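Just the heavy atoms: all of them, side chains too, but no hydrogens, waters or symmetry mates, feed the values below. Protein chains get the first letters and strands the later ones, always in sequence-line order, with residue 1 at the start of each. Note that the structure is a prediction, hence the values are computed from the model and not measured.
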2 protein chains.
Amino acid sequence: MPPSMKPSASPAGDKARLSRELVLSTALALVDSEGLEALTMRRLGQELNRDPMSLYRYAANRAALLDGVTELVLDELAIFPEDPDWQSQLRNIAHDLRLLALRHPNVVPLLVTRPLSTPLGLRPLGTLRPLEQILSLLIDAGFEPSDALHVYRAYYGFLYGHILNELQEFIVDPEENEALLRLGLHRLPPKEFPRLRALGPVLTDYDGAAELDQGISILLAGLAAPLAAAKTSKKPQ
Amino acid sequence: MPPSMKPSASPAGDKARLSRELVLSTALALVDSEGLEALTMRRLGQELNRDPMSLYRYAANRAALLDGVTELVLDELAIFPEDPDWQSQLRNIAHDLRLLALRHPNVVPLLVTRPLSTPLGLRPLGTLRPLEQILSLLIDAGFEPSDALHVYRAYYGFLYGHILNELQEFIVDPEENEALLRLGLHRLPPKEFPRLRALGPVLTDYDGAAELDQGISILLAGLAAPLAAAKTSKKPQ
DNA sequence: ACCATTTGTCTACGCTGTAGACGTTACGCG
DNA sequence: CGCGTAACGTCTACAGCGTAGACAAATGGT
């Protein structure tokens, strides 16, 4: 074989033209499989069989690359603002987002921290789309726009909180996790942590979906109350 | 002045013995004033007027240093499990934690992401103390231990979510923020983001404490219901 | 077949965390 | 007091990081 045609000496040898989508998706794959800290310009370049510097044609810098990855992940979330039943909609979205987080646990830190470094007005459009769509949903359901914003905040706040909670207890494989947990709990000073130590057995089985669902129920009940009140107070008046 | 006594040529010249507390507290100060990325071993060493390598006597590596900082911050949270009124307790703690987050906004990313990288059993004790104390609180209030765990999760989940929410919209000084917001909103494609654009004015004034309080009310109402039900069902039986 | 523009590469710089060997100081004990 | 030991601090060095700037290669329109 003459080396003139395919100089792909290395096994990973697709030399197709790069594109932002390709860069971001392999970045995501890298993060999914090896964690956030594995996503370096050099490593990603090597993953794509390109010079690291070529990446800068598709992302201004590493931070922008991270933003691109979060945007890519959030695009996996499908929202259908047409559905008139806003409560079941919010419930479905919650579960979808939960599954999305479980699918990309290593991206969750980005999801929750990147917005902290970027003023709302300058965030990637993809990360604002869920906000817009949920606002639509709520306004169409009869909420005043400003109330819709409050509902959104309570809802999304709870949702993100739950995801963080669940991911803390999840981590890697349950086998090692359980062993580690027992070991760790045993290490706790019994005088200081009696409750936690006693909860050891309960801590191991954690039904995230159920816990989320039940939290959403509580929240929806509380959030729907003023809406119902407004409706009934408008009727008799 | 003979240079034999005080060779402190540089202005920041206290050459007292180091200690873990000193290292961590100046690390925290550095993070508070200049952000997370300013906390490098070299920079911290220079802040303490010491060789960067000396820090490794007090923290095994940079990750451990970050854990130490989070622990230090969480120690600012005072919980008094004696108070019999668990609802007002949880409400107070929520507001305390909110203020703590506003006092150390740059540490919040650590608060929410460090636990994701550390199995529960191996976390710094300081970060587990709030969990233990709130469990105590709830169990003393009459919850079954496993229910207490569920309540804790819903409560803390919401709390962390709210903090993330509020910090996203807060950021730096309101002046620049408002200008940026207007600019940013104006940039949004009107066809795609009509709701968000219309909410511009409302977005600027955000009463985090009120929003938190109201969310907590909803949550507490929902969480207390089963407890009350259990009490009344036990009486007639 | 040409040129212009986009895309990829190369080199180099200052920064990072930290391993390992080495002085230096402080402290307990005789 | 002095001595030995252990804790503390420093130095040097290395591999890896993000990325600026100059350059080569490829691509696509005319």
Side-chain angles (χ1 to χ4, degrees), chain A residues 3-10 12-27 30-31 34-70 106 109-110 113-114 117-118, chain B residues 3-10 12-27 30-31 34-70 106 109-110 113-114 117-118:
Chain A
S4 61
M5 277 202 63
K6 276 201 171 182
S8 65
S10 101
D14 31 10
K15 277 281 189 179
R17 188 77 159 259
L18 282 184
S19 71
R20 181 168 165 89
E21 291 71 36
L22 181 58
V23 169
L24 290 184
S25 64
T26 59
L30 185 55
V31 171
E34 305 194 28
L36 263 184
E37 65 284 2
L39 179 54
T40 73
M41 304 306 265
R42 290 172 148 91
R43 178 67 200 279
L44 182 55
Q46 146 182 351
E47 214 73 20
L48 287 162
N49 236 307
R50 286 295 175 330
D51 187 282
M53 290 308 287
S54 64
L55 304 175
Y56 286 88
R57 303 274 177 200
Y58 305 94
N61 48 42
R62 192 180 123 94
L65 191 69
L66 295 178
D67 281 335
V69 171
T70 63
N106 296 333
L110 292 185
T113 60
R114 290 300 313 160
S117 348
T118 323
Chain B
S4 61
M5 279 201 60
K6 277 199 170 183
S8 66
S10 103
D14 31 10
K15 277 280 190 181
R17 189 76 159 259
L18 283 183
S19 71
R20 180 168 167 89
E21 291 71 37
L22 181 59
V23 168
L24 290 184
S25 63
T26 60
L30 184 56
V31 171
E34 305 194 26
L36 264 184
E37 67 283 3
L39 178 55
T40 73
M41 304 307 263
R42 291 173 148 91
R43 178 68 198 280
L44 182 55
Q46 147 183 351
E47 213 74 19
L48 287 163
N49 235 308
R50 285 295 176 329
D51 187 282
M53 290 308 287
S54 64
L55 303 175
Y56 286 88
R57 303 274 177 198
Y58 305 95
N61 48 44
R62 191 178 123 93
L65 190 70
L66 295 178
D67 280 335
V69 171
T70 62
N106 296 334
L110 292 185
T113 60
R114 290 301 311 161
S117 349
T118 324

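In this structure, Leu18(B) atom CG and dT10(D) atom C1' are separated by 12 Å, rounded to whole Å. Arg42(B) has its CZ atom 14 Å from the P atom of dA13(D), to the nearest Å. When the P atom of dG16(D) is taken as reference, atom CG of Leu39(A) falls 17 Å away, rounded to whole Å. The interatomic distance linking Gln46(A) (CD) with dG18(D) (C1') rounds to 16 Å, in whole Å. Rounded to an integer number of Å, the gap from CZ of Arg50(A) to C1' of dA26(D) is 12 Å. Across the protein-nucleic acid pair, Leu55(A) atom CG and dC17(D) atom P stand 13 Å apart, rounded to whole Å.
With the nearest nucleotide of DNA chain D identified for both Pro52(B) and Arg43(A), Pro52(B) has the one nearer the 5' end. Across the interface with DNA chain D, nearest-nucleotide mapping of Glu37(A) and Met53(A) shows Glu37(A) to be the residue nearer the 5′ end.
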Would you check, one step at a time, whether the test side-chain contact (heavy atoms from CB on, under 4.5 Å) holds for Leu39(B) with Leu44(B)?
CA-CA 6 Å; Leu39(B) 178 55; Leu44(B) 182 55; 4.0 Å; yes
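Shortest non-hydrogen contact noted between Ala64(A) and Ala60(A) is CB-N, 3.9 Å. Here the shortest heavy-atom pairing between Val69(A) and Ala27(A) reads CG2-CB, 3.9 Å. The shortest non-hydrogen separation linking Thr26(B) to Val23(B) is OG1-O, 3.1 Å.
Sorted by residue number, the members of residues 56-66 of chain A with any non-hydrogen atom under 4.0 Å from DNA chain D read Tyr56(A), Asn61(A), Arg62(A).
Backbone-only contact: Thr40(B) has heavy atoms under 4.0 Å from sugar-phosphate atoms and none from a base.
Every residue was checked against the salt bridge (Lys or Arg N to Asp or Glu O under 4.0 Å) condition with Arg20(A), not counting sequence neighbours, and none meets it. A search for side chain to side chain contact (heavy atoms under 4.5 Å, CB included) contacts involving Pro109(A) returns Leu36(A), Thr113(B), Leu116(B), not counting sequence neighbours. Remark: Glu21(A) engages Ser19(A) in a side chain to side chain contact (heavy atoms under 4.5 Å, CB included) (not counting sequence neighbours).
The span of DNA chain C lying next to chain B, judged by atoms under 4.0 Å from heavy atoms, is bounded 5' to 3' by dT16(C) to dA26(C).
Within the structure, no pair that satisfies the side-chain hydrogen bond (donor to acceptor under 3.5 Å, both in side chains) test touches residues 52-62 of chain B, not counting sequence neighbours.
Proximity of a side-chain donor or acceptor of Arg42(B) to a complementary backbone N or O of Thr40(B) within less than 3.5 Å is not detected.
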